[in-house]
Amino acid sequence: MNIEIPLGKRTKKYRFFEMLPGILSYGAIILLIVLSIANPVLASIYLLTVILVAFVKAMAISYRMISGRNNMERATQVDWSERLNDLENPKGAYARLIDKQSKKLLYKQHLENLRLMSAAEEGYFPKPSNIYNALIMPAYNESIEVIEPALKSVLGTTYDKKHLIIIFAYEERGGVDIATTADTLKKKYGKYFHSFHLVKHPKDLPNEVIGKGGNITYAGKWLKKYLQQQNIAFSDVIVTTMDCDNKPHRYYFDYLTYEYIVHEDRKHLSYQPICLFTNNIWDVPAPMRVVATGNSFWNIISSMRPYSLRNFASHSQPMDALVEMDFWSTRTIVEDGHQYWRSYFYFNGRYEVVPIFVPIYQDAVLSNGYTKTLRAQFVQLRRWSYGASDVAYVGNNIFNKKRTTQFWPSVARFIRLLDGHVTQACIALIVAFGGWAPLVLNSEAARSVAAHQLPDTVSLIQQVAMVGILISIFVSFKLLPPRPDRYKRSRNILMVLQWLLMPVIAIVYSSMASYNAQTRLLLGKYLDKFDVTEKTTVEMNDQNRTRDKKKKAFRASSGGK
């Protein structure tokens, strides 16, 4: 079965599925307008149905948010390094721990894993001492001030560094500066790991869009040759892709390796940590804090929904699976989410994502200047929203006589995928303005009791939904890293007041970014370039402002010459 995204002209069926998210997202708004003009009562019924469904989803999301956050807190308190060591000799560890009393779920699961491994034949489960982790860190033109803290964080993990292979995958199109940074990092940190490799991704390779997929695939193919030279079995290697500004939790690689070993069908699994955008959350403007916190919440919530969990940003997959399916797609700018579907269809539906309940910390969007930061955030969300392109890929593979996956389970996945993108685009607009549509668009609507009371009804539902906002505020403070010394306690007040921006952010960023991406697919104006999110730090911005002031002062003193 061909699992590649088509190049050039699409078939009529593929184009239909590309257009479908946009058709439904625009159609939801158009239907409300048409019903408001034609029949205010039907418009009211339609609107209340949509809002009530959204309300029920919001309540479920709030519950999963709390449960997911609790799961993460429990997982981060476990010594995964010690548990991984127990797997080296499961019989001895089981005999030592069986009499220890504990009501903790994770402890009981660990005991059960040890029991099963003790009863298995020798060699059925791999030993931790035979496993290697390979970390691919793609980079474009990021500064060493952005990359080095991430590498220090990797060095600070509890995993045995002599079993950790670093591949710093940088772009040729990034220029001389990133190459110099790569050399500096290798000289400074290479000695601490099993090995530290620099892999330069050539520019303008055929059949590649300009994006991360081509870079990490090129690095993956280089790693394949290296492992063959070292006589390391592909099945003994777990590959993690992690952006160069990401900081893994100290137990991440131990936890990941533990889960890889205890799962029997490990080749057909990938592993997804909880991505939290909190590295620089105190430094970014309020709108970016709301977006970053919302994205963090969604990743926590997703960890509680294994049936719909997808690869996102940093994720891990066995090397033997990657080699067999030729790594990641080089034809899409959303290679992370697409990797789920690529794997799902390659392995004929025998593929799942295992949640790893410890975080990988990422940067919220911060560029050089407030306006640039606002724009950069929109561009990032537009790129993520372009995951709607997977609707066509999935639909084309499911509604196909040659499909190799079970039909109804695949259809259920397709509906959840489509619903997610349509909801993200239109629901904020409908909730915000839909209640007034019949009264504004139909002069006779004032006579309709349903239409006249609709704004008050919608407002009441929104007030009840405020419970979800209060839960979000509470959880957001639990996720915050310590406040930097450069900020006063009054900054905490701003962290609460920022949630007043939530309705505006939902429309301007989430909704508009989704419509932008879906409109491109609707019109066939494809995104063929990964718009790299500029990464900077507050210290770098301060230095830039100081330098600019000095330049202005110099020009003023020299008469503007």
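The residues of the chain are indexed from 1 along the displayed sequence.
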query = Run the salt bridge (Lys or Arg N to Asp or Glu O under 4.0 Å) check on Asp326 and Lys221 step by step: do they pass?
reply = CA-CA 8 Å; Asp326 202 25; Lys221 292 179 177 179; 3.7 Å; yes
[X]-[Y] aromatic ring centre distance below 6.0 Å:
{"X": "Phe17", "Y": "Phe414", "result": "yes"}
{"X": "Phe312", "Y": "Trp384", "result": "yes"}
{"X": "Tyr218", "Y": "Trp222", "result": "no"}
{"X": "Tyr258", "Y": "His110", "result": "yes"}
{"X": "His201", "Y": "Tyr170", "result": "no"}
{"X": "Tyr132", "Y": "His194", "result": "yes"}

[X] versus [Y], closest heavy-atom pair with distance:
{"X": "Ser476", "Y": "Thr293", "value": "CB-CG2, 3.7 Å"}
{"X": "Asn141", "Y": "Gly174", "value": "CB-O, 4.2 Å"}
{"X": "Ala75", "Y": "Trp80", "value": "O-NE1, 2.9 Å"}
{"X": "Ala376", "Y": "Ser367", "value": "CB-CB, 4.5 Å"}
{"X": "Ser510", "Y": "Leu381", "value": "N-CD1, 4.4 Å"}
{"X": "Tyr393", "Y": "Ile3", "value": "OH-O, 2.6 Å"}

message = If you apply the rule side-chain contact (heavy atoms from CB on, under 4.5 Å), what do you find for Ile261 with Lys127, and how did you get there?
response = CA-CA 7 Å; Ile261 290 173; Lys127 292 184 178 297; over 6 Å; no
Determine yes or no for a side-chain-to-main-chain donor-acceptor pair under 3.5 angstrom, with [X] supplying the side chain and [Y] the backbone.
{"X": "Asn231", "Y": "Leu227", "result": "no"}
{"X": "Tyr346", "Y": "Glu324", "result": "yes"}
{"X": "Glu259", "Y": "Tyr271", "result": "no"}
{"X": "Asp336", "Y": "Ala313", "result": "yes"}
{"X": "Ser303", "Y": "Ile300", "result": "yes"}
{"X": "Asn311", "Y": "Tyr340", "result": "yes"}
{"X": "Arg250", "Y": "Thr158", "result": "no"}
{"X": "His263", "Y": "Asp265", "result": "no"}
{"X": "Thr184", "Y": "Thr180", "result": "yes"}
{"X": "Arg342", "Y": "Phe327", "result": "yes"}

query = So Tyr344 and Trp341, would you call those rings parallel, tilted or perpendicular, with 30° and 60° as cut-offs?
reply = perpendicular
ask   = Between Phe196 and Phe193, how do the two ring planes meet: parallel, tilted or perpendicular, split at 30° and 60°?
value = tilted
[X] and [Y]: side-chain donor and acceptor closer than 3.5 Å?
{"X": "Thr330", "Y": "Thr217", "answer": "no"}
{"X": "Asp320", "Y": "Ser235", "answer": "no"}
{"X": "Ser195", "Y": "His197", "answer": "yes"}

message = Side chains of Leu135 and Ile167, heavy atoms from C-beta outward: is any pair under 4.5 Å?
response =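 No; the side chains remain at least 4.5 Å from each other.
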request  = Taking the side chain as every heavy atom from C-beta outward, state whether Phe357 and Arg74 have any atom pair closer than 4.5 Å.
outcome  = no
request  = Dump the intermediate steps for salt bridge (Lys or Arg N to Asp or Glu O under 4.0 Å) on Lys57 and Asp419, then the final yes or no.
outcome  = CA-CA 12 Å; Lys57 286 183 178 180; Asp419 174 67; 2.9 Å; yes
query = Got a salt bridge between Asp528 and Arg331, using NZ or NE/NH1/NH2 to carboxylate O under 4.0 Å?
reply =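 Judged by the 4.0 Å cut-off on N to carboxylate O distance, Asp528 and Arg331 do not form a salt bridge.
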ask   = Is any side-chain N of the basic residue among Arg69 and Glu73 closer than 4.0 Å to the acidic one's carboxylate O?
value =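 A salt bridge is present here (some side-chain N lies under 4.0 Å from a carboxylate O).
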query = Do we get Arg115 above Tyr94's six-membered ring, with its NZ or CZ under 6.0 Å from the centre and within 45° of the axis?
reply = no
request  = Please indicate whether Glu352 has more than 12 foreign heavy atoms, meaning atoms of other residues, nucleotides or ligands, lying under 6.0 Å from its CD.
outcome  = no
task = Using a cut-off of 6.0 Å, state whether more than 12 heavy atoms not belonging to Phe474 lie near its atom CZ.
result = no
ask   = Going through the distances and angles, do Phe347 and His268 end up as a ring-ring contact (aromatic ring centres under 6.0 Å, His included)?
value = CA-CA 7 Å; Phe347 291 116; His268 301 106; 4.8 Å; yes
message = Exactly one of Asn133, Thr157, Ile356 should register a side chain to side chain contact (heavy atoms under 4.5 Å, CB included) with Tyr252. Which one does?
response =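 Exactly one option meets the side chain to side chain contact (heavy atoms under 4.5 Å, CB included) with Tyr252, and it is Ile356.
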ask   = Tell me, which pairs form a salt bridge (charged side-chain N to carboxylate O under 4.0 Å, His left out) where one or both residues lie in residues 192-220, sequence neighbours left out?
value = Arg173-Asp204, Lys212-Asp243, Lys212-Glu335
